[in-house]
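This report refers to the structure that appears directly beneath it.
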Amino acid sequence: MIAQPKASHFVNGDWMEDSAGALIEVINPATGDVIARLHEATPAVLDAALASAQAAQSDWAARKPVERGRILRRAADMIRDQGESLARLETLDTGKPLQETLVADWPSGADALEYFGGLVPTVTGETIPLGGDFAYTLREPLGVCVGIGAWNYPSQIACWKSAPALAMGNAMVFKPSEITPLGALQLAEIFIEAGLPAGLFNVVQGRAAVGARLVTDPRVAKVSLTGSVPTGRKVYAAAADGVRHVTMELGGKSPLIIFEDADMESAVGAAMMANFYSAGQICSNGTRVFVQKGIKAAFLERLAARTQKIVLGDPMKMETQMGPLVSAAQVDKVMGYVNGAVAQGARLICGGAQTGMFVEPTVFADVTDTMLLAQEEVFGPVMAVLDFDTEEEVVSRSNSTDFGLAAGVFTADLSRAHRVIGALQAGTCWINTYNLTPVEMPFGGVKMSGVGRENGKAALDYYSQIKSVYVGMGPVDAPY
Ligand code: NDP
């Protein structure tokens, strides 16, 4: 199947091509077929994108928030109307099964557009009484924002970044991962059809060097990145040179803590969702599953039974529950962790094998804190089960990592649930569930997992800045 877009880039309201840019072959991971050929953005394409964003932004910011919101909500409706074809494209691009892309990827992007479109007219400043004088504050947009996306949720990421940015009156230049470049182009076209003025949302393709060039352009006021911690450090440092605003959504090694009194079926189901959805390629996954010793054997038995029933295969078939990994490089990386875990003495409970681009859902037990599997982000369908005795011990071990993206706890004891969550160093937490990320709830990490928040009311703060205005009501009392 071919999914060749009309051109590589979308700039100033239209498709744009510059075949001087290096070739990007887009591969359907399920078949290995090349489904599109694109070119990296040349300096001329980047300049056109940034110039059009800059030119369009101030008129957009001057519009009533309710008008901006209406356009975003129209785009959300169009995404829902085209839900099936968009989901098919996402599946071709990422290899994720259609049963996921139909309900998770674009639908959550549409939710973001609807939510921020509705929320932005409610954004107000404050008035501050100062005796006879007073001050007031305005929330102003930042200007031109750059979004840089990862390959795991390419269309959702494009929506999660553009929705709050555009709602607040900013313009955006978005660079998808070169591994999954197709969805963002669709979004750009939908925005134009929904009535978004040209130049406000541009998509440019390219590898890391293209992203790096965007981050340091003097026209750019803010950079929002979703990706790994090493990339985050580089992008954050580059953005700091121009004192730019940043949002960093980075990796994790999140704990999912299961106490003996937890509902067993729910805990097993959540642990599977936290490790196998999107073939494990999710930043907030609960990849360190701490199980209290008294239920360890029963937990592993149910987990193995349910995991072995996961249907791997052609992601375009509705019955398929897990597709291939996104790229051959990712398969190699994940299998390196699988083989390393065996070598380090972890006990393989099920899975562990690879066929081409497909890696079986894999569970390791008896994982210890010092094994690489417990320390590094694998980004594949590999669950590490660790065991623990006491609450104090598990909290301390959960926190002994540089990451701090997410955490979950399963227990029937509500006081304990809140106490444990209170002690965990993580930005996004769940009690008796895992990995639900509704747009209404802020999402993001602490420690090395990130800076800033996406979603929720909080996201608008990260796409705006406060202007304070002091109003003098009397004569100026100068000491000169
Ligand atoms: P990266 O973090 O390397 O890339 C994320 C995005 O940043 C991509 O669009 C990438 O471009 C771009 N980029 C890379 N370097 C720079 C730079 N110096 N300046 C500006 N932009 C840059 O993720 P990868 O896709 O390479 O995946 C590597 C690993 O990262 C995965 O195996 C996984 O462990 C982790 N990861 C974590 C994610 C998360 O959400 N936590 C998401 C995705 C990956 P391009 O890809 O086109 O080179």
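Side-chain atoms are counted along with the backbone in the values below, which use heavy atoms only and exclude waters and symmetry mates. Each ligand, and each atom within it, is numbered from 1 in the order the structure gives.
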Geometric cation-pi criterion Lys222 and Tyr463, 6.0 Å radius, 45° cone: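 Positive - Lys222 is close enough to the ring of Tyr463 and near enough to its axis.
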
For the 3.5 Å polar cut-off, considering only N or O atoms, please tell me whether [X] and ligand 1 meet it.
| X | result |
| --- | --- |
| Ile148 | no |
| Val215 | no |
| Lys333 | yes |
| Ser228 | yes |
| Glu249 | no |

Please compare [options] and report which has the shortest non-hydrogen distance to [atom].
| atom | options | answer |
| --- | --- | --- |
| atom 10 (C) of ligand 1 | Lys175, Gln205, Arg207 | Lys175 |
| atom 47 (O) of ligand 1 | Glu178, Met248, Gln281 | Glu178 |
| atom 8 (C) of ligand 1 | Ala212, Ala150, Gly149, Ala238 | Gly149 |

Minimum-distance protein heavy atom relative to atom 39 (C) of ligand 1: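 Result for atom 39 (C) of ligand 1: Cys283 CB, 3.2 Å.
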
Atom 4 (O) of ligand 1: nearest protein contact (heavy atom, Å):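 The protein heavy atom lying closest is Thr231 OG1, 4.1 Å.
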
Does even one non-hydrogen atom of Gly232 get within less than 4.0 Å of ligand 1?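 Distance cut 4.0 Å: Gly232 fails for ligand 1.
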
Under 4.0 Å, heavy-atom basis, I'd like to know which part of Leu225 is in contact with ligand 1: side chain, backbone, both or neither. side chain

Report the part of Gln330 in contact with ligand 1, treating N, CA, C, O as backbone and CB onward as side chain, heavy atoms under 4.0 Å; options are side chain, backbone, both, neither. side chain

So, for Ala198 and Ala56, which heavy atoms are closest and what is the spacing to 0.1 Å?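 The answer is O-CB, 3.4 Å.
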
Pairing residues for Trp60 by the ring pair (Phe, Tyr, Trp, His ring centres under 6.0 Å) criterion, not counting sequence neighbours: none

side-chain contact (heavy atoms from CB on, under 4.5 Å) partners for Ser449, two or more places apart: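 Residues passing side-chain contact (heavy atoms from CB on, under 4.5 Å) with Ser449: Phe403, Leu405.
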
Would a distance-only check, ignoring hydrogens and angles, find a side-chain to backbone donor-acceptor pair under 3.5 Å from [X] to [Y]?
| X | Y | value |
| --- | --- | --- |
| Asp369 | Arg397 | no |
| Thr307 | Leu303 | yes |
| Trp106 | Arg80 | no |

Do Lys6 and Glu17 meet the salt-bridge criterion of a basic N to acidic O distance under 4.0 Å? no

